[in-house]
Amino acid sequence: MSTSTQVQTLIVGAGISGLATAAALGEGADYLILEGDDQIGGYCKTIHRDGFVWDYSGHFFHFKHPEIEAWLRARMPGQKIRVVDKKSFIAYGGRQIDFPFQKNIHQLPHDEFIDCLHDLYFARTPPAGGAPAPVESNFKEMLYARFGRSIAEKFLIPYNEKLYACDLGTLDRDAMGRFFPHADLADIIRNMKVADNRSYNSTFTYPEGGAFEYVRALASAVRSDAIAVGEPLVGLDVERRIARTPRREIRFERLVSSAPFYRLAQLSGLAHDPSVFTWNKVLVFNLGFDRKGPRDVHWIYYPDRATVFYRVGFYDNIFDTDRLSAYVEIGFPAGAAVDAQAVLPRVLADLERAGVTNGGHRLIAHHSVVMNPAYVHITQRSIAEHRRLAGELRARGIHSIGRYGGWTYCSIEDNIVEARALVAGFTGGS
Ligand SMILES: Cc1cc2nc3c(=O)[nH]c(=O)nc-3n(C[C@H](O)[C@H](O)[C@H](O)COP(=O)(O)OP(=O)(O)OC[C@H]3O[C@@H](n4cnc5c(N)ncnc54)[C@H](O)[C@@H]3O)c2cc1C
């Protein structure tokens with residue numbers, strides 16, 4: 001028989017967002033975290049296998065708020081943390097081009113460079129005779145309008161189609177927000193003489209024990225008896241403020257959910273259009289080999305459609321270890337059937353063809369995980385429907401936060417900032 005409990009703040013999800021919410025509420029606060037999985041951490045989990053340390057794809061930390069970084073580090077005694085200057089490349093036509101592609105077209109073969117420069121210039125030049133400027137009503141149009149056909153079609157479109165696994169024409173113009181490396185004509189020309197490839201993640205930090213060390217740090221500020229793992233939210237009465245799990249009913253004053261928004265919307269029973277929420281999923285392979293692979297690189301982008309993955313990263317070049325420890329990312333539509341074991345031989349063949357491995361490498365450990373959802377498809381309809389429905393939920397004391405609760409593109413630090421701001425709003429009364 002199910003029991004009934006009561007709590008002031010019910011938190012759904014013990015990933016970064018849920019833990020940061022509980023930590024911000026403080027030790028003495030009346031909260032309970034429901035976590036459907038049997039472990040905390042959400043997408044920030046770490047796997048230790050045969051001496052390799054792997055995350056759910058590379059999870060690197062780029063802090064804009066020094067006080068957040070200091071708060072976390074103070075809770076990580078004894079943990080070695082590297083601050084790394086990022087080195088990333090694009091594999092293009094048998095050579096390596098610095099990232100971002102659009103700022104490094106001068107590294108292309110001469111003919112292709114001229115094509116890119118020509119198309120960029122005329123895309124950027126105001127149309128003669130008062131003709132209307134090209135439209136940018138979606139992500140794909142934005143790429144053509146700002147960078148011209150050649151840059152768009154050589155890198156930006158094929159790479160992002162592999163990642164998002166959708167028609168880029170359906171995405172909002174700002175679908176990647178601050179994570180898109182914008183550059184204007186002057187930036188691109190200037191870069192030909194003096195390289196400045198800085199981006200939001202030019203330097204990143206990474207703990208020796210993997211991304212989960214940051215989760216551990218957050219969790220150290222959360223009462224462990226207030227985290228119920230293996231207990232998903234499965235029902236919600238939004239009017240009476242009652243949550244249901246397989247074990248009990250929980251009355252709450254307010255609910256903070258980091259579950260994917262489409263799931264919260266479905267549980268809420270509020271009228272909405274579920275078809276506006278679409279996303280990709282990412283199959284991640286973590287691969288440990290018996291010897292070193294490429295040096296001096298943290299990750300490589302693969303726009304070529306003939307290569308199954310869109311990105312490969314190198315954990316072994318963060319702490320300079322002596323065996324290739326790679327993560328490989330492959331994008332799929334949300335509804336696609338994914339059989340990791342069947343894909344692995346293709347991944348290994350493509351790594352060999354791409355020169356990441358060289359015939360002598362022996363795979364000695366591997367792991368795979370499907371991140372679903374991974375990148376949400378931010379469209380004009382998803383923005384409008386999320387805003388409307390999140391407002392209706394908020395009016396009932398239900399707050400949807402985090403990368404998937406907010407149906408957005410963001411970093412771990414953004415999740416912590418958002419959780420803290422939400423809790424600060426509660427103390428003003430909610
Ligand atoms: C491929 C990839 C690479 C990334 N790399 C980086 C990076 O390098 N740096 C960076 O800063 N960010 C990165 N991110 C983003 C980062 O993973 C997220 O911002 C962050 O993990 C989101 O945390 P969250 O708590 O909001 O969500 P999640 O981690 O998804 O946590 C939500 C939790 O809710 C639980 N849950 C869901 N439904 C229910 C339910 N009904 N009941 C109970 N519990 C439920 C889930 O089990 C999960 O534990 C990356 C994301 C992806 C997809």
Side-chain angles (χ1 to χ4, degrees), residues 10-23 32-46 55-64 68-69 72 84 86 88 163-164 179 200-201 204-206 210-212 214-215 218-219 227-236 243-247 250 255-268 279-285 298-299 309-311 313 315 318 327-332 369-376 400-419 422:
L10 183 63
I11 299 169
V12 179
I16 295 285
S17 298
L19 292 172
T21 303
L32 172 67
I33 307 182
L34 294 177
E35 172 50 62
D37 196 9
D38 57 7
Q39 273 181 56
I40 65 168
Y43 279 171
C44 262
K45 293 192 180 81
T46 297
D55 298 331
Y56 281 21
S57 113
H59 263 81
F60 305 123
F61 298 80
H62 15 92
F63 293 101
K64 288 182 290 160
I68 292 185
E69 183 169 14
L72 289 165
V84 184
K86 177 193 78 166
S88 63
L163 185 149
Y164 279 107
F179 298 91
Y200 72 91
N201 58 357
F204 63 86
T205 65
Y206 193 72
F212 189 74
Y214 284 110
V215 171
L218 272 173
I227 309 178
V229 293
E231 187 171 358
L233 175 78
V234 295
L236 191 55
R244 199 160 47 74
T245 78
R247 292 184 210 153
I250 306 163
L255 185 143
V256 178
S257 172
S258 60
F261 191 69
Y262 63 84
R263 178 66 179 140
L264 181 68
Q266 183 191 33
L267 289 174
S268 77
W279 60 92
N280 81 344
K281 58 188 175 193
V282 170
L283 169 62
V284 180
F285 284 101
H298 299 113
W299 57 86
F309 37 77
Y310 64 81
R311 189 166 59 170
Y315 289 109
I318 297 176
Y327 64 88
V328 172
E329 296 170 313
I330 307 172
F332 290 92
V369 61
V370 177
M371 300 174 81
N372 182 22
Y375 292 87
V376 308
S400 190
I401 64 164
R403 180 166 169 124
Y404 302 102
W407 209 249
T408 190
Y409 192 144
C410 64
S411 75
I412 287 157
E413 187 190 45
D414 296 331
N415 299 139
I416 298 173
V417 170
E418 183 190 24
L422 179 69

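No hydrogens, no waters, no symmetry mates; every other heavy atom, side chains included, goes into these values. Note that the structure is predicted; figures quoted are calculated from it, not measured. For ligands, and for the atoms within them, numbers begin at 1 and follow the listed sequence. One-based numbering along the sequence shown.
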How far apart are the closest heavy atoms of Gln39 and Glu35, and which atoms are they?
O-CG, 3.7 Å
Closest heavy-atom pair, Ser258 versus Ser17, reported as atoms and distance to 0.1 Å, is CB-CB, 3.9 Å
For the residue pair Phe204 and Phe60, categorise the inter-ring angle as parallel (less than 30°), tilted (30 to 60°) or perpendicular (more than 60°).
tilted
Proximity winner for [atom], if only heavy atoms of [options] are counted:
| atom | options | value |
| --- | --- | --- |
| atom 34 (O) of ligand 1 | Gly13, Ala14, Pro232 | Gly13 |
| atom 2 (C) of ligand 1 | Pro373, Ala374, Ser57, Ser258 | Ser57 |
| atom 24 (P) of ligand 1 | Gly15, Ser17, Gly402 | Ser17 |
| atom 17 (O) of ligand 1 | His62, His59, Glu418, Glu329 | His59 |

What do you reckon, does [X] put a non-hydrogen atom under 4.0 Å from ligand 1?
| X | answer |
| --- | --- |
| Glu35 | yes |
| Phe61 | no |
| Val282 | no |

Please confirm whether [X] comes within less than 3.5 Å of ligand 1 when only nitrogen or oxygen atoms on both sides are compared.
| X | result |
| --- | --- |
| Asp37 | no |
| Ile401 | no |
| Gly36 | yes |
| Leu267 | no |

Identified side chain to side chain contact (heavy atoms under 4.5 Å, CB included) partner of Leu10 from the options Ile33, Leu236, Ile250:
Ile250
Between Tyr315 and Gly210 (side chain of the first, backbone of the second, donor and acceptor by atom type, cut-off under 3.5 Å), is there such a pair?
no
Start with the C-alpha distance between Tyr404 and Trp279, add both sets of side-chain angles, then the distance that settles ring-ring contact (aromatic ring centres under 6.0 Å, His included), and finish with yes or no.
CA-CA 10 Å; Tyr404 302 102; Trp279 60 92; 9.4 Å; no
Mark up the atoms of ligand 1 that fall under 4.0 Å of a heavy atom belonging to Gly58, in ascending order.
5 (N), 8 (O)
Which of the numbered atoms in ligand 1 are under 4.0 angstrom from any heavy atom belonging to Gly42?
29 (O), 31 (O), 48 (C), 49 (O)
Counting only heavy atoms closer than 4.0 Å, does ligand 1 sit against the backbone of Met371, its side chain, both, or neither?
side chain
